[in-house]
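Just below is one structure, and these are the notes that go with it.
Side chains are part of it too, since the values below use all heavy atoms of this structure and drop only hydrogens, waters and symmetry mates. Since this is a predicted model, take the numbers as computed values, not measurements.
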Amino acid sequence: MSRYMTRRPRVTILTGGPFREHEVSVLSGQSIREALEQADYEVKPILIAREEPWSLDLDSLRENSDVIFLALHGKHGEDGIIQDFIRQA
């Protein structure tokens, strides 16, 4: 890490979701988390429930994250809907 940085980069990982690929997404998120923590990132995983409705506090998500990593698989995780949702709010 650069000596000029005052804090570790903050990465939020979105995993889970209400889709058939829920378990794969959770495992992907765990692997990503382990790798980022070893690289000295501050990591916050967010598990999206399988059952709907679910919601995200986008203001808090953006204020407390330098990067939002989507480890969601299947519908919405791979079709750009979640990315658009985060960008627009």
Side-chain angles (χ1 to χ4, degrees):
M1 185 179 326
S2 168
R3 64 187 175 128
Y4 301 110
M5 293 184 75
T6 59
R7 63 173 169 74
R8 298 183 301 163
R10 302 169 300 173
V11 179
T12 298
I13 303 172
L14 300 180
T15 67
F19 311 109
R20 183 175 56 217
E21 297 88 352
H22 180 92
E23 290 84 10
V24 173
S25 172
V26 171
L27 292 173
S28 295
Q30 288 173 347
S31 295
I32 294 161
R33 179 183 185 175
E34 290 169 7
L36 289 172
E37 286 176 340
Q38 287 178 354
D40 204 30
Y41 286 82
E42 180 182 327
V43 180
K44 178 181 179 185
I46 295 180
L47 176 63
I48 297 174
R50 190 182 285 259
E51 299 79 27
E52 294 186 43
W54 48 272
S55 65
L56 294 171
D57 180 349
L58 293 179
D59 290 332
S60 175
L61 186 65
R62 280 195 258 149
E63 287 176 19
N64 296 303
S65 306
D66 297 312
V67 174
I68 301 170
F69 191 107
L70 299 183
L72 300 171
H73 295 278
K75 186 178 178 184
H76 303 322
E78 297 172 359
D79 64 5
I81 289 178
I82 298 295
Q83 293 91 329
D84 288 342
F85 180 69
I86 291 170
R87 255 184 254 144
Q88 291 177 10

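- Under the 4.5 Å side-chain criterion, counting only non-hydrogen atoms from C-beta, Thr12 is not in contact with Asn64.
- Residues Leu72 and Ile46 fall within the same hydrophobic cluster, defined by Ile, Leu, Val, Met, Phe, Trp and Tyr side chains chained together at heavy-atom separations under 4.5 Å.
- Ile48 and Ile86 end up in the same hydrophobic cluster when Ile, Leu, Val, Met, Phe, Trp and Tyr side chains are linked at under 4.5 Å.
- Listed by chain and number, the residues in a salt bridge (charged side-chain N to carboxylate O under 4.0 Å, His left out) with Glu23 are Arg50 (sequence neighbours excluded).
- Among all heavy-atom pairs drawn from His73 and Ser28, the shortest one is NE2-OG, 3.0 Å.
- In the hydrophobic cluster analysis, where Ile, Leu, Val, Met, Phe, Trp and Tyr join through side-chain heavy atoms closer than 4.5 angstrom, Leu61 is grouped together with Leu70.
- Under the 3.5 Å distance criterion, the side-chain polar atoms of Ser25 are left unmatched by any main-chain donor or acceptor of Glu21.
- Heavy atoms only, all atoms of each residue included: Ala71 and Thr15 are closest at CB-CG2, 3.9 Å.
- Ile81 and Asp79 get closest at one heavy-atom pair: N-OD1, 3.1 Å.
- In this structure, the side chains of Phe85 and Leu58 come closer than 4.5 Å at one or more pairs of heavy atoms.
- With sequence neighbours excluded, no residue satisfies salt bridge (charged side-chain N to carboxylate O under 4.0 Å, His left out) with Glu34.
- Val43 and Leu14 fall into different hydrophobic clusters, where Ile, Leu, Val, Met, Phe, Trp and Tyr side chains are chained together by heavy-atom contacts under 4.5 Å.
- In this view, Asp57 satisfies the salt bridge (charged side-chain N to carboxylate O under 4.0 Å, His left out) rule with no residue, not counting sequence neighbours.
- Both Val67 and Ile32 belong to a single network of hydrophobic side chains, linked directly or stepwise wherever heavy atoms of I, L, V, M, F, W or Y lie under 4.5 Å apart.
- A search for side chain to side chain donor-acceptor pair (under 3.5 Å) contacts involving Arg10 returns Asp66, not counting sequence neighbours.
- For the pair Glu42/Arg7, no side-chain contact is recorded, criterion being any heavy-atom separation below 4.5 Å from C-beta on.
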Between Ser65 and Lys44, is the side-chain contact (heavy atoms from CB on, under 4.5 Å) condition met? List the steps. CA-CA 9 Å; Ser65 306; Lys44 178 181 179 185; over 6 Å; no

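- By the side chain to side chain donor-acceptor pair (under 3.5 Å) test, Glu37 pairs with Arg33, sequence neighbours left out.
- The hydrophobic cluster around Leu47 extends to Val26, counting ILVMFWY residues whose side-chain heavy atoms fall within less than 4.5 Å of a member.
- Between Leu36 and Ile13 there is a side-chain heavy-atom pair separated by less than 4.5 Å.
- Contact between Arg8 and Tyr41 at its shortest, heavy atoms only, is NH1-O, 3.6 Å.
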